[in-house]
2 protein chains.
Amino acid sequence: MTEAIRAAVFDELAAVGYGRMSIEAVARRAGVGKTAVYRRWPSKLQMVIDVVSDVVGYDVPAPDTGSLRGDVRMILDIAARALRHPLAGQIVPDLLAEAARTPDIARTLERALRDTQRGLGEAIVAAAVTRGEVGPATDAGMALDLALGPLYWHIAVLREPVTKSYLDRLADTVATALAVPRPPRAADEAH
Amino acid sequence: MTEAIRAAVFDELAAVGYGRMSIEAVARRAGVGKTAVYRRWPSKLQMVIDVVSDVVGYDVPAPDTGSLRGDVRMILDIAARALRHPLAGQIVPDLLAEAARTPDIARTLERALRDTQRGLGEAIVAAAVTRGEVGPATDAGMALDLALGPLYWHIAVLREPVTKSYLDRLADTVATALAVPRPPRAADEAH
DNA sequence: GGACGACGAAACGGTTGCGTTCCGTCCTGT
DNA sequence: ACAGGACGGAACGCAACCGTTTCGTCGTCC
């Protein structure tokens with residue numbers, strides 16, 4: 001029962017988005033009376049936050065492939081797989097947009113994204129540091145930005161297909177960029 | 001009059017999002033009767049597409065600072081300035097999410113983003129190639145992904161402040177990553 | 001200065017969703 | 001076998017919007 005409603009929330013979110021989603025429609029889709037919904041959650045916002053929180057409470061295992069490039073490639077693969085999922089691919093951008101005007105949603109996504117993500121980045125960079133692949137001052141946050149940013153941009157913004165080859169090249173580039181020692185600040189400030 | 005309505009569309013888009021936006025609310029905000037709106041556009045979708053198309057018809061001049069790093073930095077600055085604008089920062093992610101379920105919106109954004117963007121990337125990379133900063137096989141698409149992806153990720157997804165220092169480091173990293181000759185494919189396939 | 005067009009305001013009937021209440025049924029636990 | 005709880009369904013009054021129509025008032029052009 002509760003499971004049917006949770007699934008219906010996802011389907012409805014994907015179909016019409018958070019803004020247009022109505023509790024009536026969720027109940028209809030789940031095949032339950034809306035009484036059943038109101039018995040569980042006091043509002044649309046609370047319902048969505050609860051349902052979404054449940055799902056994003058996954059724990060991505062820190063990859064350990066033995067090389068920075070391999071680790072980055074694995075993270076890219078996991079992220080790409082998630083974003084390619086029809087439901088997630090539709091819901092994530094939607095909630096992201098909604099987060100800009102609903103602090104509770106922003107907080108939920110923040111916990112989901114930033115916290116789990118930060119740990120991942122630090123683990124990967126730390127491993128690469130001990131391996132001697134990158135310098136000890138390497139910025140883990142920047143590393144993840146470099147990897148996930150282009151991926152998200154490609155999938156969610158440009159909406160172009162992401163091929164294995166693209167992921168390979170992206171992982172290559174990111175690992176290389178991080179491995180290169182800080183350049184001697186050639187051609188500084190303005191042109 | 002028409003100008004007031006256009007402005008109201010933007011404000012309303014930012015305030016409640018495309019999904020929740022109603023023509024009545026737009027008319028109310030613009031201080032006109034909804035008759036005036038319906039006289040101009042047949043539907044909410046057409047109205048939004050028309051209004052948005054008008055604005056994104058800008059022409060970003062191809063930067064020419066004399067160095068790849070400088071060109072990248074300038075593009076990052078322009079993009080960051082645009083995304084930091086309260087209206088754009090709210091509206092862009094919203095329309096992006098809506099684009100996933102409304103082909104007409106997707107097409108509008110595609111023209112706006114991909115086409116103007118592609119030209120920019122190719123111009124910058126071409127200039128860098130003639131300067132000898134990068135190899136002739138450099139992928140302009142990947143170059144832009146590398147620059148704009150992390151920026152968008154940082155601003156719109158992580159919602160963390162983007163400092164000048166961050167943009168500096170990002171431009172540095174991107175320029176460096178592109179400048180490095182393709183590595184000898186060390187440690188290939190799986191781990 | 002007279003005609004025409006665009007305007008706002010208001011109202012139309014219809015739909016959808018809100019959050020709540022009530023009722024009759026069915027399932028469960030004991 | 002019985003009691004209690006959760007269920008679906010229906011209806012409540014209320015509000016917002018839909019897209020259209022009507023009407024009286026301006027402003028503008030010739």
Side-chain angles (χ1 to χ4, degrees), chain A residues 1-54 87 90-91 93-95 97-105 108, chain B residues 1-54 87 90-91 94-95 97-106 108:
Chain A
M1 157 92 337
T2 300
E3 247 357 273
I5 300 181
R6 286 183 185 277
V9 169
F10 278 112
D11 290 346
E12 199 64 20
L13 266 182
V16 304
Y18 179 84
R20 256 198 283 265
M21 189 183 83
S22 72
I23 290 191
E24 301 231 5
V26 169
R28 213 180 301 134
R29 188 187 286 266
V32 307
K34 62 177 168 170
T35 327
V37 177
Y38 277 112
R39 260 185 219 113
R40 289 170 173 75
W41 300 281
S43 69
K44 178 170 97 167
L45 176 59
Q46 288 306 313
M47 177 178 70
V48 168
I49 286 181
D50 179 54
V51 168
V52 169
S53 293
D54 239 45
L87 279 189
Q90 191 96 266
I91 291 176
D94 199 276
L95 288 183
E98 193 59 32
R101 64 179 76 91
T102 310
D104 281 338
I105 292 186
T108 302
Chain B
M1 158 89 339
T2 300
E3 247 355 274
I5 300 181
R6 285 183 186 276
V9 169
F10 279 112
D11 290 347
E12 199 63 21
L13 266 183
V16 304
Y18 179 84
R20 258 196 279 267
M21 189 183 83
S22 74
I23 290 190
E24 301 231 5
V26 169
R28 212 180 303 133
R29 189 187 285 268
V32 306
K34 63 176 170 173
T35 329
V37 177
Y38 277 112
R39 259 185 220 113
R40 289 169 172 75
W41 300 282
S43 69
K44 177 171 98 167
L45 177 59
Q46 287 307 313
M47 176 178 69
V48 168
I49 286 181
D50 179 53
V51 169
V52 169
S53 294
D54 240 44
L87 279 189
Q90 192 96 264
I91 292 177
D94 199 276
L95 289 184
E98 193 60 32
R101 64 179 77 91
T102 309
D104 281 338
I105 292 186
T108 302

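Reminder, nothing fancy here: chain letters follow the sequence lines and each chain counts from 1.
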Check your understanding: Are the side chains of A:L87 and A:D11 in touch, meaning some heavy atoms are under 4.5 Å apart?
Key -> yes

**Study point:** A:E3 CD to D:dC7 P, straight-line distance once rounded to whole Å
**Key:** 14 Å

**Study point:** Strand-adjacent residues in residues 9-27 of chain A, judged by heavy atoms under 4.0 Å from DNA chain C
**Key:** A:S22, A:I23, A:E24

**Study point:** Separation of C:dG8 C1' from B:I5 CD1 (nearest whole Å)
**Key:** 12 Å

Check your understanding: When rounded to the nearest 0.5 angstrom, what distance separates CZ in A:R40 from OG1 in A:T35?
Key -> 10.5 Å

Check your understanding: Should B:T108 and B:L95 count as side-chain neighbours, where that means a heavy-atom distance under 4.5 Å?
Key -> no

Exercise for review: Using atom CE of B:M47 as one end and atom C1' of D:dC17 as the other, report the distance to the nearest whole Å.
Suggested key: 13 Å

**Study point:** Close side-chain approach of A:Y18 and B:R20, heavy atoms under 4.5 Å
**Key:** yes

Practice item. Return the value, rounded to whole Å, for the distance between atom CE of B:M1 and atom C1' of D:dG27. Key: 13 Å

Point to revise | Donor-acceptor under 3.5 Å (A:K44 side chain, A:M21 main chain) | key: yes

Exercise for review: Any chance you could measure B:E98, atom CD, to A:Q90, atom CD, to the nearest 0.5 Å?
Suggested key: 8.5 Å

Check your understanding: Within the distance-only criterion (no hydrogens, no angle test), does the side chain of A:D94 pair as donor or acceptor with the backbone N or O of B:A97 below 3.5 angstrom?
Key -> no

Exercise for review: Would you indicate whether the side-chain heavy atoms of A:R6 and A:D50 approach each other to under 4.5 Å?
Suggested key: yes

Practice item. Under 4.0 Å from any atom of DNA chain C, heavy atoms only: list the residues of residues 31-42 of chain A that qualify, in numerical order. Key: A:K34, A:T35, A:Y38

